[in-house]
Amino acid sequence: MEDDAPVIYGLEFQARALTAQTAETDAIRFLVGTQSLRYDNQIHVIDFDDENNIINKNVLLHHAGEIWQISASPADRNVLATCYNKISDSKVMTCAAVWRMPKELQGGNHESPDDTSSNAQALELLCHLDNTAHGNMACVAWEPLGDGKKLLSLADNYLMIWDLQESSTKSTLSSSVTLEGKGQMRFTSGKWSPHHNCTQVATANDTAIRGWDIRSMRQIYCIENAHGQLVRDLDFNPNKQYYLASCGDDCKVKFWDTRNIHEPVKTLEEHSHWVWSVRYNHSHDQLVLTGSSDSRVILSNMVSISSEPFGHLVDDEDLSDQEDNLQEEKYNSLLDIYIRVVNYSASEGYFLPL
């Protein structure tokens, strides 16, 4: 892409939920969920044409309510899950459900960005993740390397694993664990590790990060006071099985080795307000993207803690051990840089950092 201009896509309503459609291998596709109290909410299916630097889209109706989180199936490109708000007995509840896109979208038909959404089709409800006895849903995550039949959900102080059956039209709670401690403990975020045969998940509550083995549903590590304030998001390095990134309201992004949780491997302090999200690039794990309510998206090149640090390109036979360590430290310290910082405004619509 020769044009360095950012690609900006405007939405009719406010939005907080965005995810990449990883099961789609033939296109660069994102799903964006809106938040409106007065009108039907929407899922925007956005395709980015990197050769021509243009966007194509479809709009689907999400009648259930405001979308607070969205997660795409890793196995079926037409299936997704959402966490959304609904009113029940004069109270606002956050629920979760699994949906299927209309068949018309499966052929790749798209409208231009200028088309209206007046003729938008609705998502097909496959099943609810019944959280009646567990409280408000905080997030939903698919088993990353599975067949799209297993889901993780967090609701108040419950961690739950769901099995989807009958073409995802039925959900069964297969196991759960309760977060116990002083006060009203609540999960805020969770991430399923793609390593260890997908048997581990990480969760955040308040300022702590916890690891869980879902085979026994027992805690395997706990990073107390991982951040000075609320932990907002987590992500696992796709290539280094013990490395985890976190971000929070203390304006910091931290990188952890879960084998040694006493202090972070690295800390970034480039944001000036709450950091809401952190993501590794799935192919090049030195690339880390963070988004904050300081109206900035920052792409960082974290070579020193990546799976292929620059120093490893030097021929080991040409250097002594001491020289090798000094050379690697020199290159790594130089190459941990910020590749791009993008400022954006809420009035400009939802920004896609491509």
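Counting begins at 1 with the first residue of the sequence. Predicted model, so just to flag it, every value in this text is computed and none were measured.
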For the pair Arg100 and Asp76, evaluate salt bridge (charged side-chain N to carboxylate O under 4.0 Å, His left out) and give the outcome as yes or no after the intermediate values. CA-CA 9 Å; Arg100 181 178 294 279; Asp76 189 337; 3.3 Å; yes

Partner of Tyr221 under side chain to side chain contact (heavy atoms under 4.5 Å, CB included), chosen from Thr258, Asp213, Asn260: Thr258

Report yes or no: do Met93 and Met137 belong to one cluster of Ile/Leu/Val/Met/Phe/Trp/Tyr joined by side chain heavy-atom distances under 4.5 Å? no

Is it true that Asp294 and Ser292 share a donor-acceptor pair across their side chains at a distance under 3.5 Å? yes

Are a donor atom and an acceptor atom from the side chains of Ser153 and Trp162 found within less than 3.5 Å of each other? yes

Row check, Trp274 ring normal vs Arg232 NZ/CZ: under 6.0 Å, within 45°: yes

Answer yes if the ring centres of His62 and Tyr84 are under 6.0 angstrom apart, and no otherwise. yes

Can you list every pair that meets salt bridge (Lys or Arg N to Asp or Glu O under 4.0 Å) and has a residue in residues 128-151, with sequence neighbours left out? Lys150-Asp163

Measure up the His44 and Tyr9 rings against each other and bin them: parallel (under 30°), tilted (30 to 60°), perpendicular (over 60°). perpendicular

Verify the distance criterion only: is there a donor paired with an acceptor across the side chains of Asp285 and Ser307 at less than 3.5 Å? yes

Would you please say whether a donor-acceptor pair under 3.5 Å links the side chains of Arg210 and Asn205? yes

His282, NE2 atom: more than 12 neighbouring heavy atoms under 6.0 Å: no

Hydrogens and angles aside, do Ser246 and Trp256 bring a side-chain donor and acceptor to less than 3.5 Å of each other? yes

Side-chain H-bond candidate by donor/acceptor type, Thr34 with Asn41, under 3.5 Å: yes

